[in-house]
Every structure is written in structure tokens, then in C-alpha cells.
Amino acid sequence: MRNKRVVFLLALPLPDRSIMTLLDHLNPPQKLAAEHRDGPLLILAGAGSGKTRVITYRIAKLIMDYGVYPEQILALTFTNKAAGEMRERVDAILSENGRETDAAGVTIATFHSFCARLLRRNAELLGLTPSFTIYDSDDQLKLIKAVMEQVGMPKDNGEAKRLRGAIGQFKNQGWTPALAHENAFNSYDEEDATFYEAYQKALVQANCADFGDLILGVITIFRTHPRIADSYSRHWRYQMVDEFQDTNPAQYALLKFLTRTHDNLCVVGDDDQAIYRWRGATVANIMGFEEDFPDAKIIKLEQNYRSTEVILKAANDVIQHNPTRRDKTLWTAREGGDLVTCFTARDDREEASYVARQIHDLTRLGADWGDFAVFYRTNAQSRQIEEQLQNGGVPYQVIGGMSFYERSEIKDILGYLKVALNPDNPVDFLRIINTPSRGIGKVSLGKLERVAEIRGVGTFYRALRYAAGMLEAGALGDTPIVPEPFGPDDEEALEALQKLGGRSKKGMIDACEVVVALRDQIGADAADGNSLSQVANFLVERIHYMDYLDRDDPERAEDRRNNVVELLHALEEFEEDFDPDQLLNEDLPGQGEDDEAPDFDGESEPTVVSQILRAFLERSALVHATDGMEEGRTTTLMTVHGAKGLEFDTVFLVGMEDELFPSLRDMSDIEELHEERRLAYVAITRARHKLYITNAQSRRIYGQIRQTEPSRFLRDIDPERIEIDPKSTSQSIEYGHRASAPNRRRVRDRGYDEFQQASDANYFGDGVDQDLWEFDQSPPMIKGEVGRAVQQTLDAAPPEGDFDPSFSQLSPWEDDLSADWQQESDFAASGPSATDPEGLTGKTVSHSRFGIGKITGVSGDGPKAVLTINFPGHGARTIIRKFVKILG
DNA sequence: TAAACCAGAATTTTT
DNA sequence: TTCTGGTTTA
């Protein structure tokens, strides 16, 4: 994958001795950038020009040749994926050069996780405790609704979402409520700012921070305590930022603070890949970098090592329609290449079928499933593709979409743990108080809320303790509850809560007991024999959560229970890997170094269990469970946004239709169109050897069938670089592009009907036991070696235009696949045992967390079979079959 | 209070 | 079409 730079060895002068073998792998501008030592540096790195490579080599260079301590280096990214990859590569480079211990010292993090750490260190300065909860946008919306109600606004879901957006933008700008007021243009802005103020107050009172607060909180601290900023700035003497074009003003302000004692800021970016304007990112940061850092050195990386000439030119065709770009011309040494294949389907289902079919055929010819990726504009499009891939027996992984941590069962369990750690958190409190149902309905909640408003009570949790009669000081320094009734109304509210009926009273006592018990257990130290996974297991038992799932939705109970089990595993795993030493010598400065930095002696020293829990919750808030993408063995499905920074041999870009891609919800916003175009550019430049672009003439949206037009971006590509698949419904890119005739009839090309028949018969689904084709059970036929270039297989493919006759027959695939499956079964049948009816023992599997392992034991069968798997590096694990991919 | 039912939104993209 | 949240009913 990264072994094709050898060419340059000969062309380069001899570099420094110590790191010679490394920098030799870089081309001249790359080398120049990696050698850069002090002062600001802007690296304009085109797609596929090796920017991560440059950053990682520069880190190595700093450490090895310039004598910089690893601890002095900070590298910030936007995604966990990028951070992980960078960490890995720095690790590899340093290890290769006998400096394996150094990599751990380098701070490589996402903006958000980095700021979360800083914020925990200095939480008191913002009125938070180090145990503050991080709210995701769901939680955020709930709190906004609560605040809306509180300030007497009418219930309005749309308005709540608008406010969430407005607050998000304030925070992206780096504006506190006060600044939002100052910057208000009109009375609407003013109102939003006022609401923002109320919301922010509620957040702090709840001891919570939302995503935007992580960044804004840190810069607020830096603004008010410049000496803290100084101390951090001095600590991280060399800083690097990846994907700089996606920074928003708040992040930029953060960087300014962090570099205030020096200007060793190295940023890498590509304005053509700026795709997060909607999240407040400003290209101005990259376009005007020299203005802020007049001494900035600028280095352009223009050689693309990834794609063929055809693909690169197609990408350039598209992006050149954007004005105001930084001057940059990408070129590649890989001349020629396969044409871009376009396919127009009649509908979205046929489009998905086509993709599945192509992948299937190419893998039969020796390509690996892992060579392929399917990109779509919106997550909703993944369903059709998934269905067809399943039918075709193509194993796949979906990146993004509904994350593990967004599932209600996961949120419930984590909700309890979050409340245990921070009982002031009202969103999770309300989530768990009656889940599973305890007879605490709207009325009881109202009474509880009323009491919570009384001075001396303050929060739901404390009101609950009052109601449950658990008034004494409890775990973790809970203060005794002494309500200070402020008049007859308050007295009444207290009385009402006291006099609650039997059922809700009982429910409240129960809920209270659970939370208090959790808090006690978290408060107890690991030394007392307590562990986080024990606490979690206790919780699931104590609230009979599994039974609740069965009752709640018997249909999905099975899945959801497994998810809970998986969560418990994850907790256990996390706990095992957790290094308590890490807590002692964190590489963060702050305390002690600067007298303005607070010591957070707090009320009670956090216990190990609570620290682990805190760390786990932080990770679950900041890391998508799907982040751990596996390389190599399965086809990858993701949105175009998710694809940034990645590359694949063969890319299918689906749904290239106007109004879908470009999305254009607001036709008047020309900037939005430009951003969509950059998005298309990003998508195209992910492909190494082969690009397919597909569209559908009609598509179901919200269950309604809509006619579509081909994407304008598709028409931007020079037809010279395109071949239209003979099976395509239309042999022209512009199949019906006539603004004057919106209801035109479309001419169907010959060949279409055959294709359609097959498609209508669901040509690899009907008549086959669907279960057989479920992802996990798909026949494990790994054909080529991982990473084998698809190019070869394409060369070997049957001549185009020769429409595969079997295609129109009823079930060519079933036959093919059944044969394979049969073969596999025969193989398996050679060694089944009583406990392992399917002969799984000995097979290789892959797991999202533990990686590749071998099955050593099996009990039960079907997707629910319990497997014992040995993962090198993790030891033996017990995992439900559903959660692993069986590779063969 | 809980279950069952119905109406309306949702689909741009993510930490 | 699917999900969510709100309302009605037992």
C-alpha cells in the first residue's frame, strides 16, 4: 500500500545520516516540509499527495534529529480515525529506528478529545467539576427543550433544532453568550443570544458540556487566564494540525493561544477538500494563513501518488469549476488508466444491484472484497446497497450511521452510569428514572420537578432523595438535603411529594436506591474488590434490564440484549486495558506549574473506578463505535464525508443525481454548491485504480418515488474519460436533461429489459433462504490476496459490451454461490463435533475491537452461538457469533 | 400509569 | 417508508 516511492531514492541528494533511510522516501517538497523545524509552516497538500506521511516523518525528524522531546509535540486531527492512523505510523517509524519508546510521549488527539482533557483539568474555572458529562447533540436537544419550557416558550421541535444550530454556530465562532450578544446584528440574533445564555446556565448547573463547549470552554479559560495558556503553549513547543481547512474560528483561536509563546505551528490542508463549512469551518483560515503568520513558509505538495491519470483528471474536471481556489495543480506519474464507468439504473434498487453484481463478479476474478468501497451522499442510501450486497453474499462493513452508542439500550445503561457519576445531569436522569418503568409517570415527575426548583434542593436527583426519604449524606460527598421552602408554594410542593401514592413512591425509592448503590460502588475503590464491569453487571441485574427488553419489544429483544452484553464486554475490556499509571503521570502541564491552574482537590479524591468510568464515558461520547474500521477484508460502505482521508482500489460513487448530490437544499446558496463540488472531488480522488459512478432515474425518498436528473458534477467530467456500461439504462450521461420538458418520456436502450427482468426477480435473492445470506453467514470465499490490485482483474474481465447472458436467467448467482457454499459446508462437515455442529472451530474471525483471531471453542449454533476465540494480544475471549465476522 | 394508537417529520454531512 | 413523540384509551 505504501511501497511505491522507491523511485525517488535515486533522484535525491543524500540527507542527514540518522534518519536517512526515512527521509529518502520523500520527494523534494515532502522532504522540505518534513525537515522544517521552527516557525509557522503551511503545507498545501493535494489529495493523495502524502500529507500524513509528511506529518509523521516530521515528527520523527523533530525527535531524532532536532532533539525535541516527544512530550513537546502535539498533533491535532479531526477524526479519531485520523488520529489513530497517525499514531500508528509515528509508532512504526520511530520503532524502525530504534526509538520505540518515544512514540507514546507524543500527544496525538482530535481537537475534541484534546480539549476535553484540558477542560477536565481546569473544570472548576468554568463552574464544572472534573466529572462533568459530555452531551451529544441528542442530549443537547433535550436540554434545549427543557430550557424552552422553563423560559415559557411554546413547544416546538423545529424551533428547538434551530436553536441548537444557532448555539452550535455561536460556539463554532468562539462566542460565549456575552460575545454572542455583542455580535448580534438584529433582534433575532439578540433573542438567540439570550436563549443561548439561559441554555448555557442550565448546562453548567447540570455539570455538563456539549461538543462545542469542549473547544469554547478551553479558549474561554485561556482568555481569562492567559498564564494557563502560556504554560500549555510552552509545553507543546511543536504543534501540527491535520485537515487545517476544516478548522472553525474557535479551533483557530485555540491554536493561536497554544502557539502564543512561539509560532511553531505547522498546518496541513487542502482548500479543495474543505467540506465542513456547515459546521462553521472557514476556508479563510487556510486562505489567509500568511496574514496571521507573516513569516509562514508555504510548501505545496502537488504530486499525487494514489490515483491513475484518468481519475485525477476527472477530479480536476469537477473541481476546476470552483472559483477562488489556492493555485495548485495535481499531477501523477501513473499515466492512463481505466476509464470511469458510468451506469444509469432505472431505480435505486437496480443501482444497488449493479454495484453488488460488479463487486461479486470482480471478486470472482480474484479481487478482494476489501478492495471496494461504496460512497453515498446520505446515510439513508446505505440500506438499498446493504440489501443487495447481502443477497450477493458480499461481506461489507458500514461506517458511520447509527452508532452503537446511539442505541437506546446502550444509552439507558450508560445513562445510569452517567447519572451515578454526575447526578446533576438532568437529561440522563429523566431517561432512567422510569426505565424500566417504575410507575413514575408525568404527574409524579412534575411533582419531583417542582421540588427540584426549591432552593436547597436544586436538582432532580436531590428531589428524588428527598422523596425517597434518603436524606442523609451519602456516597461521594453528597451533601444532606435541606430544603429551604420559600413560601407556601414550596411547602405545598414538598408536601405533595411526601404524600405521593404507593406505586410512584415505591418507584422513587427504587430508583433512588439504584442510583445511590451505583454511586456507593463507584465510590468504593478497586482495592476493595470493586470493578467497573462488576458495577455494570450489578446494574443490569438490579434493574432487570434484560427482562425489560423482552417486554418492551420482543421482536428486537434478542439484538438489544446482545448489544447490552457487548457493552458489558467493552467495559470489561476497557477496564483491563486501562493503565492507572496513566492517571498519575499524565503528560499535561497545568497543576503546580502555574499558580493560576487550580488544584482540584475537590470534595473527595476520585477513585480508580470512577476515573475509569469517566474515561470510558468520555470515549463513548467522543468516539464513534464504528470508528474502528477494519482494513482489507470487507467492502466498505460510507458517506462521502466519511471517506475523506481514505483510499480504495475501486470506488463506487452512487446516487450521482441533482438534488441528492449536489444536495442543494438551498439553491440560492452558491457557497453550498461549491462545497458540494468539493465533496464530489473528495469522493473521486479516493479511488486508486477504478471509479464507478452510478445514478438512478427514479429514487424512493420517504417512500415516495421521485424522478431524478443526473448530477451536474457528472456532466462536468470530460466525456473522454468516461465509458458507459452497456447494461446502463441510458447510454448518455444527460439522459433527460431538458429543463423545458420536465415530464419527458425516456427512451430505454436495448438490453435494459433483460436486465430489468433479472432485477425484478431479485436476481440473487428470491427463492433462497434469506437467512443463509445473512452477512455473518455468507460463504467465506476469500479469493485474491488482500490488497491485490483490481486493475488486473479488470484487465481479465470479459470484453465489455458482451452482456453476460446468464444475467437474465433466473438465478445465476444462487447457483454459483450455492456451489461455493456447498463446498464450504463439505469442508466444514469434515470436522464438526457435538458442540460445534457447523464446524467453526479453527476458523479465523475478525472482531471490531480485538482484530483477527482464531476460534477455539463453540457452544450452540446459529448467530447466537457462543464462540471462544483466541485473539493474539488479547488472549481468549468469549464472543457471540453475531459480533464477529467469520473470515474462513 | 401504561399500552396502544396516530400524526407528522425525516434525510446532508460529524466531533 | 420508518421512526419519533404525542394523544387517547383501558
Side-chain angles (χ1 to χ4, degrees), chain A residues 76-83 109-116 134-138 140-142 145 155-158 160-161 165 168 171-172 209-216 243 246-248 250-251 274-281 348 375-384 399-403 405-406 408 434-445 500-504 506-507 551-553 556 618-624 626-627 638-644 655 659-666 672 675-676 678-680 682-683 699-706:
Chain A
L76 293 176
T77 67
F78 280 88
T79 66
N80 296 294
K81 216 186 306 169
T110 65
F111 271 98
H112 289 269
S113 64
F114 173 74
C115 285
I134 297 175
Y135 272 181
D136 65 19
S137 53
D138 249 25
Q140 218 186 334
L141 193 66
K142 284 181 179 156
K145 285 176 178 168
K155 264 208 173 108
D156 182 341
N157 198 275
K161 286 190 172 170
K171 292 184 175 177
N172 287 336
D210 60 26
F211 284 139
D213 279 338
L214 298 179
I215 315 284
L216 178 60
E243 306 283 12
D246 287 332
T247 46
N248 62 33
Q251 286 154 341
I275 55 174
Y276 286 105
R277 198 181 69 102
W278 54 275
R279 249 171 74 183
D348 45 345
F375 301 154
Y376 33 78
R377 180 63 237 273
T378 68
N379 275 312
Q381 289 168 260
S382 75
R383 249 194 56 217
Q384 285 281 355
I399 307 297
M402 175 75 135
S403 127
Y405 291 104
E406 282 165 3
S408 64
N434 202 33
T435 310
S437 48
R438 299 191 170 88
I440 304 172
K442 217 161 74 179
V443 179
S444 315
L445 268 180
L500 265 179
R503 194 146 59 128
S504 17
K506 244 179 99 188
R551 260 180 291 129
D552 185 57
D553 184 353
R556 290 190 301 148
E618 181 157 313
R619 199 196 58 162
S620 69
L622 262 26
V623 177
H624 254 233
T626 42
D627 262 351
M638 61 172 107
T639 63
V640 180
H641 281 87
K644 193 176 69 166
E659 291 180 11
L660 179 62
F661 196 176
S663 154
L664 285 202
R665 47 165 37 183
D666 179 6
E672 208 159 288
E675 177 139 320
E676 294 286 319
R678 291 191 291 266
L679 204 48
V682 167
R699 181 176 297 277
R700 264 194 136 80
I701 294 174
Y702 312 146
Q704 274 186 333
I705 294 174
R706 291 241 300 259

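Lettering of chains follows the sequences in order, A, B, ..., and the numbering in each one begins at 1. Keep in mind the model is a prediction, meaning the values are calculated, not measured.
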NA contact type, A:R699, heavy-atom cut-off 4.0 Å: base, sugar-phosphate, or nothing?
nothing
Starting at the 5' end of DNA chain B, which residue's closest nucleotide do you reach first, A:N157 or A:A621?
A:N157
A:A380 has its side chain closest, among B:dT11, B:dT1, B:dT13, to B:dT11
Tell me which nucleotide among B:dT15, B:dT13, B:dT1 gets nearest to the side chain of A:T79.
B:dT15
Taking A:E675 for its side chain and A:R277 for its backbone only, find out whether a donor-acceptor pair lies under 3.5 Å.
yes
Quick check for you: among C:dT2, B:dA2, B:dT15, whose closest atom lies nearest to any side-chain atom of A:F211?
B:dT15
Around atom NZ of A:K142, are there more than 12 heavy atoms of other residues, nucleotides or ligands at under 6.0 Å?
yes
Please answer whether the main-chain N or O of A:A250 pairs with a side-chain N or O of A:K171 as donor and acceptor at a distance below 3.5 Å.
no
Is A:N434 touching bases, backbone alone, or none of the nucleic acid, heavy atoms closer than 4.0 Å?
sugar-phosphate
Which atoms form the tightest heavy-atom contact between A:Q381 and A:L660, and what is the distance?
NE2-CD2, 3.5 Å
Rounded to whole Å, the NZ-C1' distance (A:K161 to C:dG5) equals 11 Å
For A:F211 and A:L622, the nearest pair of non-hydrogen atoms, with its separation, is CE2-CD1, 3.6 Å
What nucleotide among C:dG6, B:dA10, B:dT13 has an atom nearest to a side-chain atom of A:W278?
B:dT13
Whole-Å distance, A:L679 CG to B:dT13 C1', equals 7 Å
Nucleotide B:dT13, atom P - distance to CD1 of A:I399 in whole Å
15 Å
Hey, where does DNA chain C pair up into stems, meaning at least three consecutive Watson-Crick or G-U pairs with distances under 3.5 Å?
B:1-10 with C:1-10
With sequence neighbours excluded, residues passing side-chain contact (heavy atoms from CB on, under 4.5 Å) with A:T639
A:Y376, A:N379, A:H641
Examine distances only and state if a side-chain atom of A:N248 and a backbone atom of A:Q251 form a donor-acceptor pair shorter than 3.5 Å.
yes
So what does A:K644 hit on the nucleic acid, given a heavy-atom distance under 4.0 Å: a base, only sugar-phosphate, or nothing?
nothing
How would you list, by chain and number, every residue that makes a side-chain contact (heavy atoms from CB on, under 4.5 Å) with A:S437, sequence neighbours excluded?
A:N434
Residue closer to the 5' end of DNA chain B, A:R551 versus A:G703 (nearest nucleotide):
A:R551
Calculate the interatomic distance between A:Q140 atom CD and B:dT15 atom C1'; express it in whole Å.
11 Å
For a quick check, tell me whether the side chain of A:R700 and the base of C:dT1 share a donor-acceptor pair closer than 3.5 Å.
no
Which heavy atom of A:A274 sits nearest a heavy atom of A:R678, and at what distance?
O-NE, 2.6 Å
Of the listed C:dT1, B:dT1, B:dT14, the closest approach to the A:Y702 side chain comes from C:dT1
Would you mind reading off the distance between A:R277 atom CZ and B:dT14 atom P, rounded to a whole angstrom?
17 Å
Check every strand shown and say whether A:Y276 touches a base, only sugar-phosphate, or nothing at a heavy-atom separation below 4.0 Å.
sugar-phosphate
Starting at atom NZ of A:K81, determine the distance to atom P of B:dT13, rounded to an integer number of angstrom.
14 Å
What's A:N379 touching, base or sugar-phosphate or nothing? Going by heavy atoms closer than 4.0 Å.
sugar-phosphate
For A:K155 and for A:Q704, find the nucleotide of DNA chain C with the closest heavy atom, then tell me which residue's nucleotide is more 5'.
A:Q704
When rounded to whole Å, the CD to C1' distance for the pair A:E659 and B:dT11 reads 14 Å
Go through B:dA10, B:dT13, B:dA2 for me and flag the one nearest to the A:T639 side chain.
B:dT13
Hey, is the side chain of A:R377 pairing donor to acceptor with the base of B:dT13 inside 3.5 Å?
yes
Take atom NE2 of A:H641 and atom P of B:dT15, then tell me their distance rounded to the nearest Å.
11 Å
Within the 4.0 Å heavy-atom criterion, would you say A:F78 contacts the bases, only the backbone, or no part of the nucleic acid?
sugar-phosphate
